Amino acid sequence: MLELRQLSKAYHLGDGLLPALSDVDLVLPTGSFVALTGASGSGKSTLMNILGCLDTPTRGEYWLDGRAVQDLSDTQLARVRNECIGFIFQNFNLMPRMNAWENVAHPLVFRGIALGERRRRAEEALAAVGLGHRLHHRPTELSGGQRQRVAIARALVGQPRLLLADEPTGNLDSRTAVEIMDLLGSLHAQGMTLVIVTHETSIAERCHRVVCLHDGRIVEDRDLRTQQARMEAAR
């Protein structure tokens, strides 16, 4: 699905450079369910932005579905984001003047899809996240959990191959956070590749693999399924 090879990112700061990622190697097969963890400033948000083609590496390689992302033009990167990647944000990033189905359908505008088909796909995506009865509600008329479900439906409407979630439960109470993780888990069970940035241990442990960053480097990469199987075998 995706592979990073000796990937580094540095930002200009005055006359010098501020390293954000250093020599990161990472392979995520199709169907992965991964949590990116680490303290503030560890580089996880920078890594997420590069995976989502919102930023480019200073050096190294990023391969997505066999394409060398670092060699793509801005126009090509925009197309990859729109057609291959779905984004879920902590603050939902919904448009306040649009109702639920209009928010979900909006990314399809940039594909040139006709209004009727955009609405059909949006309604289908909202039904898939349990909000088929909230099509005409604006964000201010929805709870935090419902707004996040709208955001997930918007991420899914384009049928992406990779779903990136940046602190998707950060603004939710604990019960609603569990519901959202249950929903993301069901999407993974259907074959979706998911990468979740989180600082919450309970959320990370719902994933199948945890990649921890510190000072821009991967310092831990755990397969939780293998770990759990070993624990059960030792009992």
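Bear in mind that the values here come from a model prediction, so they are computed numbers and not experimental data.
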- Task: Step by step, work out the side-chain contact (heavy atoms from CB on, under 4.5 Å) result for Glu61 and Leu7.
- Result: CA-CA 6 Å; Glu61 301 177 13; Leu7 186 138; over 6 Å; no
- Derivation and outcome, salt bridge (charged side-chain N to carboxylate O under 4.0 Å, His left out), residues Arg217 and Asp25: CA-CA 9 Å; Arg217 297 179 182 273; Asp25 292 312; over 6 Å; no
- Task: Given side-chain contact (heavy atoms from CB on, under 4.5 Å), test Leu4 with Leu21 step by step and report yes or no.
- Result: CA-CA 12 Å; Leu4 308 180; Leu21 294 173; over 6 Å; no
- Would Met48 and Ile196 satisfy side-chain contact (heavy atoms from CB on, under 4.5 Å), going step by step from the backbone distance to the final call? CA-CA 9 Å; Met48 177 70 88; Ile196 297 176; over 6 Å; no
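In this structure, the side chain of Arg118 engages the main chain of Ile113 through a donor-acceptor pair within 3.5 Å. The main-chain N or O of Asp23 is found under 3.5 Å from a side-chain atom of Ser8 such that the two form a donor-acceptor pair. Without hydrogens or angle criteria, Arg5 side chain to Trp63 main chain gives no donor-acceptor distance under 3.5 Å. With Glu117 contributing its side chain and Ala114 its backbone, the two residues share no donor-acceptor pair below 3.5 Å. No donor-acceptor pair closer than 3.5 Å links the side chain of Asn49 to the backbone N or O of Leu54. A donor-acceptor contact shorter than 3.5 Å links the side chain of Lys44 to the backbone of Gly38. Distance alone, capped at 3.5 Å, is enough to place a donor-acceptor pair between the Asn82 side chain and the Pro107 backbone. Side chain of Thr193 to backbone of Gly31: a donor-acceptor contact under 3.5 angstrom is found. Remark: the backbone N or O of Asn93 is not paired with any side-chain donor or acceptor of Asn91 at under 3.5 angstrom.
Looking at heavy atoms from C-beta onward, Tyr62 lies in side-chain contact with Leu51 at the 4.5 angstrom threshold. Looking at Arg154 and Leu94, their side chains come closer than 4.5 Å, going by heavy atoms from C-beta outward. Asp221 has its side chain within reach of Leu26: a pair of non-hydrogen atoms, C-beta onward, lies under 4.5 Å apart. Side-chain contact between Leu28 and Arg209 is present, with heavy atoms from C-beta onward closer than 4.5 Å. Using a 4.5 Å cut-off on side-chain heavy atoms (C-beta onward), Val80 and Val69 make no contact. Side-chain atoms of Val211 and Leu47, non-hydrogen and from C-beta on, never get closer than 4.5 Å to each other. Counting heavy atoms from C-beta on, the side chains of Phe92 and Asn103 never come closer than 4.5 Å.
Annotation for Leu17 and Ala10: closest pair CB-CB, 4.2 Å, computed over non-hydrogen atoms. Contact detail for Cys207 and Leu224: the closest heavy-atom pair is O-CD1, 3.3 Å. Summarising the geometry of Cys53 relative to Ile85, their closest heavy-atom pair is SG-CD1, 4.0 Å, with the distance given to 0.1 Å. Between Gly185 and Phe33 the shortest heavy-atom distance is CA-CE2, 4.2 Å. Between Val34 and Ser32, the shortest heavy-atom distance links the atoms CG2-CB, 3.8 Å. Met192 approaches Leu156 most closely through the heavy-atom pair CE-CD2, 3.6 Å.
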Side chains of residues 157-170: which donor-acceptor pairs under 3.5 Å do they make with residues two or more places apart or in other chains?
unit_1: Arg161; atom_1: NE; unit_2: Asp65; atom_2: OD2; d: 2.5
unit_1: Arg161; atom_1: NH2; unit_2: Asp65; atom_2: OD2; d: 3.0
unit_1: Glu167; atom_1: OE1; unit_2: His199; atom_2: ND1; d: 3.2
unit_1: Glu167; atom_1: OE2; unit_2: His199; atom_2: N; d: 3.4
unit_1: Glu167; atom_1: OE2; unit_2: His199; atom_2: ND1; d: 3.0
unit_1: Thr169; atom_1: OG1; unit_2: Glu200; atom_2: OE2; d: 3.3

Please tabulate, for the side chains in residues 123-141, all donor-acceptor contacts under 3.5 angstrom to protein atoms that are two or more places apart in sequence or on a different chain.
unit_1: Glu123; atom_1: OE2; unit_2: Arg119; atom_2: NE; d: 2.8
unit_1: Glu141; atom_1: OE1; unit_2: Arg138; atom_2: N; d: 2.8

Please table the atom pairs, donor to acceptor, closer than 3.5 Å between any side-chain atom in residues 174-183 and protein atoms at least two apart or in another chain.
unit_1: Thr176; atom_1: OG1; unit_2: Asp173; atom_2: OD1; d: 3.1
unit_1: Thr176; atom_1: OG1; unit_2: Asp173; atom_2: OD2; d: 2.9
unit_1: Asp182; atom_1: OD1; unit_2: Arg206; atom_2: NH2; d: 2.5

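For Arg67, the CZ atom counts as loosely surrounded, since its 6.0 Å shell holds 12 or fewer non-hydrogen atoms of other residues, nucleotides or ligands. More than 12 heavy atoms of other residues, nucleotides or ligands shown are found within 6.0 angstrom of CZ on Arg81.
Between Phe89 and Phe87, the angle of the ring planes stays under 30°, which puts this pair in the parallel group of the 30/60° scheme. Note on ring orientation: taking the six-membered ring where Trp is involved, the planes of His188 and His208 are perpendicular (angle over 60°, cut-offs 30° and 60°).
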